[in-house]
Amino acid sequence: MKVNTIFINGQIYTMNPKEPVVQSIFTQNEKIMDMGTNDEILLQWGRNGTKIIDLEGRAVVPGLIDSHLHISSVGINLQELNLTNVKTTDDLLESIRKWAVNMKPGEWILGRGWDENIFPDRKIPSIEELDRVSPNTPLFLPRICGHAFLVNSTALKVCGYHPDINVPYGGTIVLDPATKKPNGLLLETASSLISKHIPKKSYEQLKSALQAGLQQAISLGLTSIHTNDPNYLGGARQTYKLFDELINQDGIGPRSNLLIDYEYLEEMITSEMSTGYGNDNVKIGAIKLFADGALGGRTAHLMEPYLDDPHNVGNAMYDNEVLFQLIRDIRLQDMPVAIHTIGDQALIDVLDILDQFKPSNYRDRLIHVSLLNEQLIQRLRSPHRIVDLQPKFVSSDYPWIEDRLGKQRARFSYPFKSLLDNGVISAGGSDAPIEPLNPLLGIHAAITRRKASESHDGYNKQEKLSMHEAIHLFTVGGAYATNEENLKGTLERGKLGDMTVLSKNPFRMECPDELFTTETEMTVIGGVIRFQR
């Protein structure tokens, strides 16, 4: 049975330069069949039971795409201790104390989101302070970046900590310089010593959390997401099963491209799943790797030491021989890599290795690329590579990033305009829950390069994007990231009828701060309204 729908009376921005703005779109069975003026489309298609949706003059853009996030973690965070809004060390400790009161025997205090860079004294609580507010309940709290972790003595006891414990490569148990005992902070892979002891959630708990995350994404206008979840959802097979049930069977959530962590590659092979497995709603994507850590915790791998830590160049997750073998394993399956590279040295190491391999049928994805230089930008120019940018990092990381790097190096931190001007294929994402899921906040950050509370011209203002360029990241760019540019990203005949309807017209705003009060009025996937305010 054909499903015919006409969306009329809109200001529809197609992101297709050949037909940039139309009033009306006709969809049939998920695809766009025609577009034009209201009169043209109604005359041609407005009969035989065709459903007509009046957009009432609202602005429409191609369905917004988040190119990198962890949607299950967004949902799980709704069920755990949310620390993204704590502003001081005392607030953090008080939040833990209140949460600990309701803990039952055997439960853990779990949550994430703390960021000492926004605390007035930038002080991370000591293990003694953590023990005072959670004396009997094990605690595991990732930093907002997910690369540093707070634990208490009870958690260390559960994992059997002793001074000679074997710490995984690339990880650190930070010690108090005076006592030589753990100070409550773990970095990078050291977290696995604790996390493997945390009780596993049931299948229904995971499904409920994932559903909450997917519904939030839809409510924010996202019609497609590229999401990395197997570590939260119990492996590759179970991750695919959960997304399949919720999206393909229950019709809940945006189209989802699933990034699978390297540790599940063997499971993928035995399950006969590879990149492209699935359908337009749920599909296996690239294999995810980490090359380094994060700037906030000084674990991003740099060419030169941190300005505020002159003996530290950060952490490589693997030595280059091991990283070569991991990428080789992925290429033997003819799959692309999606590799977290924040520091400039991490990116150099990764590109040196990728240059030794024949490209796969899908683009390799360089995630974050937070610190670059002119030579690296040129090396990223390739039809076989795409960078996944998180514009919101700019408003979160400045000005402290200049303390880490110095003004000269910070000039090439998040150089969005330079990337676009040099023809580097780029996509926009949030990295939620590290940053808010709302794509309009990422678009705002790409345009203004400042916080909502600030009024200056922007950090490294020469790297600011126009409204069109910023929306391009979250539409066209997102489609390129999964080699689906012929299927989505623009509104054209023959492409999927995915649209985001906004309460305000972003292309007619006097000030981009109006994005803060812009809401998603309607999320349309395949010509079907999946969310309406």
Asks: Any side-chain heavy atom of F507 sitting closer than 4.5 Å to one from I471?
Replies: yes
Asks: Going by atom types only, do D397 and Y459 share a side-chain donor-acceptor pair under 3.5 Å?
Replies: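 Absent: no donor and acceptor within the cut-off.
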Asks: Provide the closest heavy-atom pair for I348 versus R379 in the form atom of the first, atom of the second, distance.
Replies: O-NH1, 4.2 Å
Asks: For a 4.5 angstrom cut-off between non-hydrogen side-chain atoms, does V74 reach T227?
Replies: no
Asks: Would a 4.5 Å heavy-atom cut-off, applied to side chains only, mark R449 and K461 as touching?
Replies: no
Asks: If you draw a 6.0 Å radius around CD in Q325, do more than 12 non-hydrogen atoms from other residues or ligands fall strictly inside?
Replies: yes
Asks: Heavy-atom count check: over 12 atoms from other residues, nucleotides or ligands less than 6.0 Å from Q375 CD?
Replies: no
Asks: Closest approach of Y240 and G278, non-hydrogen atoms and distance?
Replies: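 That would be OH-CA, 3.4 Å.
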Asks: Can you find a side-chain donor-acceptor pair between D229 and T239 that sits under 3.5 Å?
Replies: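 No, no side-chain donor-acceptor pair sits under 3.5 Å.
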Asks: Evaluate I529 against T523 for side-chain contact (heavy atoms from CB on, under 4.5 Å), listing each step before the verdict.
Replies: CA-CA 6 Å; I529 299 171; T523 305; over 6 Å; no
Asks: If the plane angle is over 60° it's perpendicular, under 30° parallel, otherwise tilted; pick one for H68 and H368.
Replies: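 Correct class here is perpendicular.
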Asks: Under a 3.5 Å cutoff, is there a donor and acceptor pairing between the side chains of T14 and E492?
Replies: no
Asks: For Q356, I'd like to know if atom CD has over 12 heavy atoms of other residues, nucleotides or ligands within 6.0 Å.
Replies: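 Counting neighbours around CD of Q356, more than 12 heavy atoms of other residues, nucleotides or ligands fall under 6.0 Å, so yes.
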Asks: Which word best sums up how the rings of H70 and Y232 line up, parallel for under 30°, tilted for 30 to 60°, or perpendicular for over 60°?
Replies: perpendicular
Asks: Return each pair, listed once, that meets ring pair (Phe, Tyr, Trp, His ring centres under 6.0 Å) where at least one residue sits in residues 312-334; pairs must be two or more places apart or across chains.
Replies: F324-F357
Asks: Please check if any side-chain donor atom of D349 sits under 3.5 Å from a side-chain acceptor atom of Q345, or the reverse.
Replies: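 Result is yes, a qualifying pair exists.
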Asks: Please report the shortest heavy-atom distance between L372 and P415, naming the atom on each side.
Replies: CD1-CG, 3.6 Å
Asks: If I compare all heavy atoms of A346 with all of A291, which pair ends up nearest, and what's the gap?
Replies: CB-CB, 4.2 Å
Asks: Run D308 and R404 through salt bridge (charged side-chain N to carboxylate O under 4.0 Å, His left out) and show every step you take.
Replies: CA-CA 5 Å; D308 57 356; R404 296 278 190 280; 2.9 Å; yes
Asks: Checking side-chain polar atoms at under 3.5 Å, does D319 have a donor or acceptor matched by the opposite partner on Y169?
Replies: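 Side chains of D319 and Y169: no pair found under 3.5 Å.
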Asks: Test side-chain hydrogen bond (donor to acceptor under 3.5 Å, both in side chains) on D344 and N373; report intermediate values, then the result.
Replies: CA-CA 8 Å; D344 47 6; N373 56 46; 5.1 Å; no
Asks: Listed by chain and number, what are the ring-ring contact (aromatic ring centres under 6.0 Å, His included) partners of H226, not counting sequence neighbours?
Replies: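 Once residues adjacent in sequence are excluded, H226 has no partner under the ring-ring contact (aromatic ring centres under 6.0 Å, His included) criterion.
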Asks: If the condition is side-chain hydrogen bond (donor to acceptor under 3.5 Å, both in side chains), which residues does R508 pass it with, not counting sequence neighbours?
Replies: Q11
Asks: Locate the shortest heavy-atom distance separating N315 from D292; write the atom from each residue and the value.
Replies: O-CB, 3.2 Å
Asks: Applying salt bridge (charged side-chain N to carboxylate O under 4.0 Å, His left out) between E116 and each of R298, R122, K87, R143, report the one that passes.
Replies: R143
Asks: R450 vs D513, test: salt bridge (charged side-chain N to carboxylate O under 4.0 Å, His left out). Steps then yes/no.
Replies: CA-CA 11 Å; R450 59 170 170 77; D513 285 0; 2.9 Å; yes
Asks: Is a donor from one side chain sitting under 3.5 angstrom from an acceptor on the other, for K488 and S224?
Replies: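 Their side chains do contain a donor-acceptor pair, which is all the 3.5 Å distance test asks for.
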Asks: Under a 3.5 Å cutoff, is there a donor and acceptor pairing between the side chains of Y414 and N460?
Replies: no
Asks: D364 and R331: salt bridge (charged side-chain N to carboxylate O under 4.0 Å, His left out), yes or no, with the steps?
Replies: CA-CA 11 Å; D364 290 315; R331 275 297 192 268; 2.4 Å; yes
Asks: If you define the side chain from C-beta out and look only at heavy atoms, does anything of R411 sit under 4.5 Å from E463?
Replies: yes
Asks: If you apply the rule side-chain contact (heavy atoms from CB on, under 4.5 Å), what do you find for R493 with E19, and how did you get there?
Replies: CA-CA 11 Å; R493 293 167 187 83; E19 199 171 7; 2.9 Å; yes
Asks: In terms of side-chain geometry, is the basic nitrogen of D355 or R385 positioned less than 4.0 Å from the acidic oxygen of its partner?
Replies: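 A salt bridge links D355 with R385.
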Asks: Look at atom CZ of R328 and say whether more than 12 heavy atoms of other residues, nucleotides or ligands are closer to it than 6.0 Å.
Replies: no
Asks: Here's a test for you: under side-chain contact (heavy atoms from CB on, under 4.5 Å), which of L440, L502, L441 qualifies with L515?
Replies: L440
